[in-house]
Structures are given as C-alpha cells and as structure tokens.
Amino acid sequence: MMKRIRIVELLELTDFGKEITTMGWVRTIRGSKNVSFIALNDGSCMKNMQIVADAEKIPADVLDRIHSGAAIHVVGTLVESQGKGQINEVQATEIKVLGEADPDHYPIQPKRHTLEFLREHAHLRFRTNLFGAITRVRHAMIFAIHQFFNDRGFYNIHSPIVTGSDAEGAGEMFQITTLDLNNLPRTEEGEIDYKKDFFGKQTNLTVSGQLEAELAALAMSQVYTFGPTFRAENSNTSRHLAEFWMIEPEVAFADIHDNMDLAEDMLKYVVKYALDNCKDDLEFLQQRLANEEKQKPQNERSMPLIEKLQFVLENDFERITYTQAIDILKNSKPNKKKQFEYVIEEWGADMQSEHERYLVEKHFKKPVIITDYPKDIKAFYMKQNDDGKTVAAMDVLFPQIGEIIGGSQREENYDKLMTRIKEMNIPEEEMWWFLDTRKFGTVPHAGYGLGFERLMLFVTGMTNIRDVIPFPRFPKNAEF
RNA sequence: UCCUCCUUAGCUCAGUUGGUUAGAGCACAUGACUGUUAAUCAUGGGGUCCAAGGUUCAAGUCCUUGAGGGGGAGCCA
C-alpha cells in the first residue's frame with residue numbers, strides 16, 4: 001500500500017522542505033484564481049491538514065473533481081504556513097482523486113447538521129468533526145477500562161452471547177432460533193418442539209454476563225466482562241439501547257464497600273484517562289455542549305464539560321443508604337410541596353428518576369451511591385442484610401444520566417439464596433450450575449454492571465445514547 | 001407502551017387571519033478576487049410543502065387517520 005503520514009503526525013512536523021505523502025477526505029475546499037486550499041482529515045485527530053493547491057501545479061480538471069467528502073492522495077512539500085491558524089501546510093505537487101463525492105448527492109456538507117439528520121446517515125457521520133471526536137473518545141474509554149482492570153490483576157472473561165437460561169432476570173430477551181418460523185415443529189401436545197432447534201433448547205441473546213462472571217470470579221478471584229448485551233424492552237428513550245456494551249467486574253473476597261471503592265476508582269480512572277488523552281476532542285465536545293445550551297436559561301445550563309469531568313475526579317462520591325435517601329426525599333421541598341409526580345410517602349417505595357435527579361443534581365450536587373435497598377425491589381442474587389429487610393445493593397447515580405452503575409454484594413449462602421429463588425419463582429432447575437458455586441467453596445463476593453454508553457454520555461456531554469454508539473439498535477430500527 | 005411537540009429546496013429554517021407565481025442562509029454551477037481559514041462579492045438552477053382522506057370558492061396553513069423523528073415518563077445499564 002501507499003506510504004502515507006497520518007495527519008495527526010503531519011501537523012506536528014517542522015522539517016520544512018521535506019517531501020511527504022498524505023491521504024484523507026476533503027472537509028472543505030476554498031478556491032481563488034491562483035490557489036486553492038483544501039482542509040484534509042483522515043480521522044486521526046480533530047484538526048485538518050491544510051493542502052495548498054497552486055493552479056500552476058495542480059490541473060484545473062483535478063481541482064474540479066474535488067468537493068467536500070472526496071478522498072484524495074496528496075504528494076507535496078511540507079512548508080511553513082504563510083497563513084494564520086496553522087504552523088505548517090503541504091504545498092501540493094501532485095493530487096490524485098481516489099474517490100469523488102458528488103456534491104449533488106453527498107449528504108454531509110461542511111456546515112452544522114442536526115443530530116437527527118446524522119443519525120439517519122450513520123454510515124457517513126464518522127466523517128463529521130463531532131462523530132470523529134466521539135469515535136476517538138469511545139476508543140480511549142474502551143482502552144482505559146481494559147487498562148484499569150489489567151493494572152489491578154483482573155482477568156477479562158468472554159461471557160456467552162447466546163444463553164439457554166431465562167433466569168438472568170434483567171429484562172425482555174431476544175429469542176434466537178434456526179427453526180423455520182413458517183413451519184414450526186410441534187410436540188404431541190402442540191407446543192413448539194425446541195429439541196429440534198439448533199441448540200436443542202430455547203435460546204436467547206444474553207441480557208447480562210454476571211452469572212457467568214461469578215463462576216469465573218469464584219476461581220480467578222477477580223474478573224470482568226466487557227461485551228454486548230441485548231434487551232428487547234420497548235424502551236424509547238435517550239438513555240436506552242436494545243444492543244449496548246456492558247462492563248461487569250466480579251470480585252471474590254469482597255463486600256459491598258470494596259465494590260463501591262472499585263466502582264468509584266474505575267470511573268475516576270477512565271475520566272482521568274479521557275482528560276489526559278483526548279484534550280482536543282473534549283474541547284470540541286465542550287464547545288458543542290456550550291453552543292447547544294445557549295438556548296437554555298442560565299440556571300439550567302450545566303458546567304463546562306471539562307470542568308464537570310474534573311469535578312468528578314476531585315470529589316468523593318456521596319455514599320448513602322436507601323433509608324437515608326428516603327428520609328432526605330421525604331423532607332425535601334418538592335416532596336412537601338407535592339412537586340414530585342410521585343410523592344414519597346413511606347419506606348419501601350421505588351425511587352423514580354425525578355427523585356434520583358433531585359438527590360444528585362439538587363441536594364448533593366455530585367455523584368451519589370445509594371446502598372441497601374429493600375429486598376423486594378431488587379434481584380434474587382443480592383446479599384441479604386442482617387436486618388431481614390434490605391439487600392447489599394448499590395446504584396451509582398450521575399448527574400443528567402441517572403443510574404450509570406448497578407451492582408451488589410452477592411448472596412453466597414446456599415440456603416438463603418435458595419429461599420429467595422423459591423420466593424421469587426426463579427426457575428430453579430436452570431440454575432444448578434450457578435447454585436453449585438454456593439455448594440463448593442463459596443466466598444463473599446461482589447460485582448456490578450456499568451453501562452458503557454451511559455459512561456460515554458457523561459464523558460462526551462452528549463445527551464442521546466444513540467449518538468455515542470456507531471450503529472444504534474432500538475425499537476423499529478436496525479439500519480446499517 | 002403513555003404524554004407532548006415536530007415533518008416546507010441537498011442541509012438548516014421562515015412562511016402572518018386559509019387568498020396571486022412558496023422564501024432566506026448554506027451547498028452546487030458560472031464569473032470576479034495574489035494566501036484562504038465553514039473565505040468574500042455578483043449571477044443562476046433547484047420544491048410530490050411526510051402520506052392518505054376530509055372541510056372550503058380557495059389548504060403549506062384547518063380537521064381525521066397513518067408513518068417517521070425529537071423531548072419527557074415507565075423499565076433499566
């Protein structure tokens with residue numbers, strides 16, 4: 001393949017006079033009689049490389065084929081920039097058009113597009129400044145998460161994507177099958193005969209890797225999963241996807257407090273990683289957010305993005321129990337004045353997002369971890385506390401996003417776990433392998449699930465989760 | 001799934017009380033300009049007003065239904 005210098009490297013070079021080759025996609029081209037300027041981007045960074053095309057050196061029929069979106073191959077001399085705004089530029093000696101982009105049909109113009117329009121052109125939105133920045137930050141976050149866990153001696157586990165269990169208990173599942181839906185095999189009783197299906201049983205896409213992560217943790221001591229997760233909920237919100245990526249650490253010999261420490265350390269680590277490694281992209285995202293919020297009244301605007309990230313880094317998360325949270329809410333102004341849609345009457349109520357937002361955004365004004373929820377509103381596998389009423393669950397709540405992490409210490413006692421399984425009608429016969437861990441060498445352990453795209457919302461300041469994953473899947477949409 | 005708002009040029013939008021041939025900026029084409037920074041200036045082409053039905057002398061505008069999208073809620077990560 002042709003040798004090229006990536007634009008991120010090229011922008012730093014000062015050995016003027018050197019001949020270089022670079023390639024990329026044209027962002028804008030400005031022309032006058034004698035000279036044209038091309039802003040070239042190859043995705044390697046936020047900034048564009050300025051290519052100077054002299055009318056004497058570059059034939060008009062080549063320049064005529066260059067519009068926004070075209071891919072070009074540039075050979076030229078690196079020179080000190082004669083204009084303002086960049087230190088260097090490439091004085092082109094030869095330009096080859098690798099791929100034209102007919103401006104009558106190419107949808108991405110060098111102007112502001114709405115996020116909705118770009119969502120409908122998700123195959124081309126990588127070519128915008130915004131989605132270039134989001135894509136680079138997303139990569140950095142993925143990398144930082146693996147680095148965080150690797151540095152602490154965690155092992156990455158690939159939990160299965162196909163599951164034969166519907167006991168994961170985290171929502172509606174997508175069924176997968178190779179059966180002919182127009183001609184389903186039936187048993188004598190008239191039921192669908194799943195013995196004839198590919199796996200010999202009914203199977204679904206996973207809604208959580210937690211149960212398998214627990215199996216691994218109870219041998220490897222500390223593991224984490226980072227994989228795709230599927231929920232068939234009919235959720236139409238800016239915080240939900242049908243296919244999203246989840247990080248699920250699971251740690252043996254750990255309790256709920258260790259779990260909270262790990263969650264807080266991890267979030268701070270990855271936020272710091274973004275601040276240290278994605279400066280240009282974050283500055284661009286910060287500017288976008290500020291522009292977006294110009295229409296909002298002063299008191300509803302959030303703090304600048306980078307300041308917000310630093311704030312999370314520098315402050316301890318508030319840790320309170322569910323019981324304390326309910327007390328605060330009961331005595332809060334909006335509750336007394338009945339401004340909440342759901343007024344908090346008594347202990348045991350499930351908190352609505354308006355309550356979580358009040359605690360995080362109004363009362364504490366920082367991330368909050370709520371622990372020890374009533375057992376009746378939480379999952380069967382959570383560690384039962386001595387009070388008989390609560391479980392060692394924890395939710396990490398972030399401003400604007402709400403629940404970014406949900407986790408718990410796990411119930412390691414076989415009898416207590418069995419009691420909950422029976423009380424909550426979990427199909428016990430499907431759980432034998434999970435229950436085995438409590439029979440053989442059980443230990444206290446804990447873990448949580450982090451919604452990766454929700455973390456992305458926080459770090460990028462974007463407000464719709466469909467914009468922080470390249471190809472979002474949601475009800476009635478699986479395009480691209 | 002519920003509530004609510006929106007859908008007009010390739011894109012972003014305006015379109016008054018229902019009234020003649022539906023507008024602007026950007027993009028594009030042509031021309032001007034000795035180096036621009038989303039260049040500037042002049043000229044030009046470009047429309048199934050989301051779809052179907054209805055009210056009316058007359059519908060982009062009003063009504064009904066549907067589709068798609070935004071925001072909020074529920075469920076959750």
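First the proteins, then the strands, lettered A, B, ... as listed; each starts at 1. Computed from a prediction, not measured in an experiment: that's the story for all the values here.
Atom-to-atom, CG of A/Asn234 to C1' of B/rU1 comes out at 6 Å; the value is rounded to the nearest Å. At whole-Å resolution of the value, NE2 in A/His113 and P in B/rG10 are 14 Å apart. In this structure, A/Trp245 places its CH2 atom 19 Å from C1' of B/rC76, rounding to the nearest Å. A/Arg239 places its CZ atom 14 Å from the P atom of B/rG70, with the value rounded to the nearest Å.
Each of A/Ser238 and A/Asn477 lies near RNA chain B, and the nucleotide nearest A/Asn477 is the one positioned closer to the 5' end. Two residues, A/Lys476 and A/Ser353, neighbour RNA chain B, and the one matched to the more 5' nucleotide by heavy-atom proximity is A/Lys476.
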What are the atom names and distances for every N/O pair under 3.5 Å that joins the protein to nucleotides 44-48 of chain B?
none

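Judged by a 6.0 Å distance limit and a 45° cone about the ring axis, A/Lys279 is not positioned over the six-membered ring of A/Phe284. For A/Arg454 and A/Phe398, the positive end is not near the middle of the six-membered ring at less than 6.0 Å and at most 45° from its axis.
A gap of 26 Å separates the P atoms of B/rU40 and B/rG47, to the nearest Å. Distance noted for atom P between B/rA9 and B/rC3: 29 Å (whole Å).
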Produce a footprint string for nucleotides 34-40 of chain B: one letter per nucleotide, 5' end first; B if the base is under 4.0 Å from any protein heavy atom, S if only the sugar-phosphate is, - if neither.
SBBBBB-
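When only modelled atom types and interatomic distance are considered, A/Asn88 and A/Glu80 share no side-chain donor-acceptor pair under 3.5 Å. Side-chain contact of A/Thr323 with A/Trp347: a donor-acceptor pair under 3.5 Å is present, judged by distance alone. Judged by distance alone, the side chains of A/Gln210 and A/Tyr381 do bring a donor and an acceptor atom under 3.5 Å apart.
Residue A/Gln352 has a polar side-chain atom (N or O) positioned under 4.0 Å from OP1 or OP2 of B/rG74. Taking side-chain N and O atoms only, A/Thr114 has a distance below 4.0 Å to OP1 or OP2 of B/rU12. Within the structure, every side-chain polar atom (N or O) of A/Ser68 is placed at least 4.0 Å from both OP1 and OP2 of B/rA27. The shortest distance between the side-chain N/O atoms of A/His67 and the OP1/OP2 oxygens of B/rA29 is below 4.0 Å. Of the side-chain N and O atoms in A/Arg27, none sit less than 4.0 angstrom from OP1 or OP2 of B/rA27. In this structure, A/Arg119 reaches the B/rG70 phosphate: one of its side-chain N or O atoms is under 4.0 Å from OP1 or OP2.
Judged by Watson-Crick or G-U wobble contacts below 3.5 Å, the nucleotide B/rC2 has B/rG72 as its partner. B/rG44 is paired with B/rC28 under the Watson-Crick or G-U wobble criterion, all donor-acceptor distances under 3.5 Å.
A/Phe244 pairs by the ring-ring contact (aromatic ring centres under 6.0 Å, His included) definition with nothing, not counting sequence neighbours.
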Can A/Ser81 and A/Glu89 be said to form a side chain to side chain donor-acceptor pair (under 3.5 Å), step by step?
CA-CA 5 Å; A/Ser81 181; A/Glu89 60 194 22; 2.9 Å; yes
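Surrounding NZ of A/Lys366 are more than 12 heavy atoms belonging to other residues, nucleotides or ligands, all under 6.0 Å away. More than 12 heavy-atom neighbours from other residues, nucleotides or ligands sit within 6.0 angstrom of NE2 on A/His123.
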